[in-house]
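Just so it is clear: chains get the letters A, B, ... in the order the sequence lines come, proteins before strands, and each one is counted from 1.
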Amino acid sequence: KKPKRTKEEIEEARQLKIKKMEEEEQSRWRWWEEEKYEDGVKWRFLEHSGPYFPPEYQPLPDHVNFYYDGKKVKLSLAAEEVALFFAQMLDHEYTTKKVFRENFFQDWRKEMTDEERSLIQELDKCDFGEIHAMHKAKVEARKNMSKEEKLVCNIQFRKVLKEANQKILDEYGYCLLDHHRERIGNFKIEPPGLFRGRGEHPKQGKLKKRIQPEDVIINCSKESRIPVPPAGHRWKEVRHDNTVTWLASWTENIQGSIKYIMLNANSKLKGEKDWEKYEVARKLKSCVDNIRNQYLMDLKSREMCTRQRAVALYFIDKVGVTVVILKLALRAGNEKEEGETADTVGCCSLRVEHITLHDTLDASECVVEFDFLGKDSIRYYNKVPVIKKVFKNLKLFMEDKQPGDELFDRLNTSLLNKHLSSLMPGLTAKVFRTYNASITLQQQLKELTNVIILFFFPCRLPESDSVAEKLLSYNRANRAVAILCNHQRAPPKTFDQSMANLQSKIEARKEQLVLAKSELKQAKKEAKAKGSADAKLQALVVRKKMAVKRCEEQLLKLEVQATDREENKQIALGTSKLNYLDPRISVAWCKKMEVPVDKIYNKSQRDKFAWAIDMTEVGFEF
DNA sequence: ACTGAGACTTGGAAAAATGTTT
DNA sequence: AAACATTTTTCCAAGTCTCAGT
């Protein structure tokens with residue numbers, strides 16, 4: 001009786017979902033069909049509720065204590081809050097790092113009362129054990145919520161929690177922009193905590209302070225309902241600037257940089273800009289040959305800075321396409337303030353120590369070996385053969401320099417970009433990344449899907465049963481781009497396990513296939529023996545045939561999945577998919593290959609790329 | 001020409017949600 | 001429904017690039 005009802009419920013829920021999606025599609029703002037606003041104007045009307053502030057600090061219960069040098073110490077509220085930040089992270093490697101500990105301790109002491117400060121002199125004598133244990137218990141309790149009590153009250157509790165979150169989302173998660181309700185990307189003010197930079201960040205462990213309404217600037221229409229600050233507070237400022245896209249901003253205390261509250265990726269403001277970005281990249285396609293010829297000429301320039309610019313461009317653009325894709329696609333590499341951030345570089349900020357020149361290496365001539373930390377302290381390691389002129393120039397640039405000296409001492413991103421924008425309006429260094437990523441996807445899709453059709457299924461039309469292979473090709477093309485852009489990830493912790501699981505699934509499927517095949521044989525034999533008149537047995541044969549076919553399909557699907565996962569071990573596809581690949585290439589491919597778009601893009605990705613999904617024809621060429 | 005503030009895109013990790021198996 | 005695996009969303013740091021002021 002019970003499962004029947006749930007089945008119906010599931011069906012009902014599905015119907016509701018479909019209906020909701022249709023409604024959503026109906027109400028979607030098709031901004032791409034509208035006329036663009038005059039230059040610089042981002043909106044005409046903007047109304048929102050202001051940011052959502054994190055909850056106030058809740059003091060520790062009496063039985064949870066902090067100890068200094070073995071003695072129980074009751075901390076002031078401010079000091080206790082910061083102590084909790086540290087205690088919460090105790091399981092993390094950060095808290096063992098010297099820089100982290102020193103920064104934390106220094107900032108913590110600033111929050112202490114004079115009395116506390118004179119008592120608490122050494123971090124090593126601090127015992128956060130009880131606070132840490134409490135925090136862990138809390139996390140555990142949240143995780144086990146469904147485990148411990150099977151009772152309704154728990155489910156209700158969760159429902160209440162969910163509803164509360166929904167209410168916050170409804171209230172603060174949306175804004176009204178030119179008569180359309182748009183989702184806000186990050187409507188919550190970042191809660192206080194300890195700063196965790198990436199890589200060897202000199203400021204790791206410092207206290208990220210709590211943001212007050214008095215720190216926040218609100219941006220909205222003059223004639224809109226002005227957001228009300230939390231009781232007893234006021235905004236730093238309310239302004240009405242329709243040349244910017246942010247709704248609220250504040251200055252963060254670690255780097256002194258400004259943080260913004262902006263719209264979701266599926267909004268008009270973000271979408272239009274994204275579209276524009278790909279249009280600029282397509283424009284580059286039409287003049288990239290000229291630009292390449294130009295910088296190849298510039299390699300021989302009498303001016304040193306022109307030569308450096310040419311070599312840098314060569315690094316940013318490409319190194320050449322051989323059997324394997326060999327492109328560089330370095331980032332621009334702005335200069336950074338020393339000691340303020342982790343030591344990372346991009347093209348223009350490369351130092352002599354980051355490259356090694358090899359006259360010959362592995363049967364190739366003029367090989368440049370790159371080894372440096374790029375954005376987010378991700379290592380970039382690559383050995384690339386370059387043309388002779390580039391190689392000679394590099395030797396020249398490195399003459400009489402120390403490892404720590406700049407490779408391009410006459411060049412910076414501003415000079416480079418100024419030159420680029422003179423070659424084509426809107427052209428900057430990063431456009432090359434977008435262009436090379438998108439054009440590579442298009443080429444790879446062409447090549448890889450041809451391989452499938454021509455070699456593996458020469459007599460099979462692209463049917464639904466080969467969707468899995470098509471998707472593998474797509475992912476491989478996507479992967480080629482991710483490798484090009486050096487989008488790496490740490491292998492998932494469960495990688496080996498999940499790979500083994502998949503393998504055993506494959507084994508099981510193989511056995512099942514053998515069984516199904518022998519059953520089919522048996523059925524055929526019996527049918528033959530009884531003669532073709534026996535309809536029942538004929539039907540059985542057909543059924544068994546189907547079973548074998550289904551089994552084969554499923555096996556293939558699993559094997560494809562295994563290949564895909566293995567190849568993806570250390571590669572992150574998300575960033576390129578979301579930021580570098582013109583979605584119209586993917587949509588056109590889906591149409592051509594008869595693959596549903598939702599196999600490529602999930603819900604939020606489809607929302608983000610709604611403009612592309614709507615406007616792209618099969619024949620789209622990047 | 002140089003500098004710093006400002007605005008906006010890009011990035012991987014971690015948390016949360018969802019799906020699948022036991 | 002627990003346990004586990006996988007996908008999606010959230011988080012917020014770290015880049016790029018423009019522009020105003022000197």
Side-chain angles (χ1 to χ4, degrees), chain A residues 40 42 92 139 142-144 146-150 154-155 158 161-162 165 173 185-191 193 195-199 201 203-204 208 217 219 241 243-246 249 251-252 254-265 269-270 273-274 276-277 331-337 340-342 344-349 373-378 412-418 420-421 426-431 433-434 437 482 485-490 492-495 497-502 505 561 565 570-580 601-605:
Chain A
K42 304 296 170 71
H92 208 288
V139 170
R142 199 168 36 200
K143 246 200 319 210
N144 289 354
S146 53
K147 231 183 269 177
E148 263 161 36
E149 301 142 78
K150 309 152 198 177
N154 189 10
I155 294 168
R158 289 215 288 179
L161 202 78
K162 219 175 165 182
N165 280 333
N186 57 324
F187 58 90
K188 288 175 178 165
I189 295 271
E190 291 174 18
F195 176 79
R196 318 140 80 131
R198 299 204 249 268
H201 202 295
K203 296 197 170 177
Q204 63 189 105
K208 203 169 88 169
I217 302 172
N219 190 34
D241 181 356
T243 67
V244 294
T245 66
W246 52 269
S249 74
T251 302
E252 152 269 356
I254 304 286
Q255 317 271 5
S257 62
I258 308 169
K259 299 260 180 159
Y260 301 93
I261 287 188
M262 288 181 188
L263 295 189
N264 192 277
L269 250 26
K270 296 285 183 190
K273 198 82 189 293
D274 213 31
E276 202 181 291
K277 172 180 79 184
R331 293 189 186 84
N334 287 307
E335 49 270 62
K336 303 166 71 181
E337 236 175 309
E340 296 291 300
T341 58
T344 61
V345 296
C347 184
C348 291
S349 52
L373 296 182
K375 183 179 178 183
D376 295 309
S377 293
I378 303 262
N412 59 41
T413 51
S414 141
L415 278 164
L416 181 68
N417 281 335
K418 203 172 269 172
L420 288 175
S421 69
L427 185 62
T428 62
K430 105 196 223 307
V431 178
R433 255 168 100 78
T434 311
C485 294
N486 199 40
H487 292 144
Q488 297 190 40
R489 64 166 181 179
K493 284 181 203 83
T494 54
F495 184 84
Q497 184 58 52
S498 92
M499 215 56 214
N501 289 349
L502 201 52
K505 259 192 195 169
Q561 203 185 346
R565 194 176 298 179
Q570 304 195 61
I571 312 290
L573 299 186
T575 298
S576 48
K577 202 177 198 173
L578 240 43
N579 300 304
Y580 287 102
Y601 293 134
N602 67 30
K603 178 78 171 70
S604 50
Q605 291 165 340

Notebook entry, point to check: Does A:Lys203 reach the main-chain N or O of A:Ile254 with its side chain, forming a donor-acceptor pair under 3.5 Å?
Noted result: yes
Next item on the list: For the pair A:Gln605 (side chain) and A:Asn602 (backbone), establish whether a donor and an acceptor sit closer than 3.5 Å, ignoring hydrogens and angles.
Entry: yes
Respond yes when some side-chain nitrogen or oxygen of [X] is under 4.0 Å from OP1 or OP2 of [N], and no when none is.
X: A:Thr344; N: C:dG15; result: yes
X: A:Asn602; N: C:dT8; result: yes
X: A:Lys418; N: C:dT18; result: no
X: A:Thr494; N: C:dA5; result: no
X: A:Asn186; N: C:dT10; result: no
X: A:Ser604; N: C:dT9; result: yes

Could you check how far [atom1] of [X] sits from [atom2] of [N], rounded to whole Å?
X: A:Asn219; N: B:dA7; atom1: CG; atom2: P; answer: 9 Å
X: A:Ile261; N: B:dA7; atom1: CD1; atom2: C1'; answer: 15 Å
X: A:Gln605; N: C:dT8; atom1: CD; atom2: C1'; answer: 9 Å
X: A:Leu415; N: C:dT16; atom1: CG; atom2: P; answer: 15 Å
X: A:Lys188; N: C:dT10; atom1: NZ; atom2: C1'; answer: 9 Å
X: A:Arg565; N: C:dA5; atom1: CZ; atom2: P; answer: 11 Å
X: A:His201; N: C:dA13; atom1: NE2; atom2: P; answer: 9 Å
X: A:Ile254; N: C:dA13; atom1: CD1; atom2: P; answer: 8 Å

Next item on the list: Starting from the 5' end of DNA chain C, give me the residue, A:Gly185 or A:Thr428, whose nearest nucleotide shows up first.
Entry: A:Gly185
Next item on the list: Could you check A:Asn264 against A:Glu252 and say which one's nearest nucleotide on DNA chain C is further toward the 5' end?
Entry: A:Asn264
Checklist line | Set of residues satisfying ring pair (Phe, Tyr, Trp, His ring centres under 6.0 Å) with respect to A:Tyr580, sequence neighbours excluded | finding: A:His487
Quick one: pull up [atom1] in [X] and [atom2] in [Y] and give me the separation to the nearest 0.5 Å.
X: A:Leu269; Y: A:Asn264; atom1: CG; atom2: CG; answer: 12.0 Å
X: A:Ile571; Y: A:Arg489; atom1: CD1; atom2: CZ; answer: 8.5 Å
X: A:Asn579; Y: A:Cys485; atom1: CG; atom2: SG; answer: 9.5 Å

Margin query: What's A:Gly333 touching, base or sugar-phosphate or nothing? Going by heavy atoms closer than 4.0 Å.
Written below: sugar-phosphate
Note to self: Counting the atoms with a prime plus P, OP1 and OP2 as sugar-phosphate, which does A:Lys203 contact under 4.0 Å by heavy atoms, base, sugar-phosphate, or nothing?
What the structure shows: nothing
Item checked: With A:Asn219 via side chain to side chain contact (heavy atoms under 4.5 Å, CB included) - residues at least two apart -> A:Trp43, A:Arg239, A:Asp241, A:Val244, A:Trp246
Item checked: For A:Lys270, all residues meeting salt bridge (Lys or Arg N to Asp or Glu O under 4.0 Å), sequence neighbours excluded -> none
Checklist line | Flag if over 12 foreign heavy atoms under 6.0 Å of NZ, A:Lys418 | finding: no
Check: Is the number of heavy atoms from other residues, nucleotides or ligands under 6.0 Å of A:Lys277 NZ greater than 12?
Finding: yes
Note to self: Strictly below 4.0 Å, N to O, side chains only: are A:Lys208 and A:Glu252 in salt-bridge contact?
What the structure shows: no
Can you name the atoms? Protein N/O to nucleotides 20-22 of chain C N/O, anything below 3.5 Å, with the distance.
none

Margin query: Return a single string for nucleotides 8-16 of chain B, one symbol per nucleotide in 5' to 3' order, where B is base contact, S is sugar-phosphate-only contact and - is none, cutoff 4.0 angstrom on heavy atoms.
Written below: BSBBSSS--
Next item on the list: Would you please say whether a donor-acceptor pair under 3.5 Å links the side chains of A:Asn334 and A:Thr413?
Entry: yes
Checklist line | Steps toward side chain to side chain donor-acceptor pair (under 3.5 Å) verdict (A:Lys336, A:Thr344) | finding: CA-CA 9 Å; A:Lys336 303 166 71 181; A:Thr344 61; 2.5 Å; yes
Note to self: Let me spell it out: for each of A:Asn165 and A:Glu335, pick the nucleotide of DNA chain B with the closest heavy atom. Which residue's pick is nearer the 5' end?
What the structure shows: A:Glu335
N/O-N/O pairs, protein side and nucleotides 20-22 of chain B side, under 3.5 Å:
none

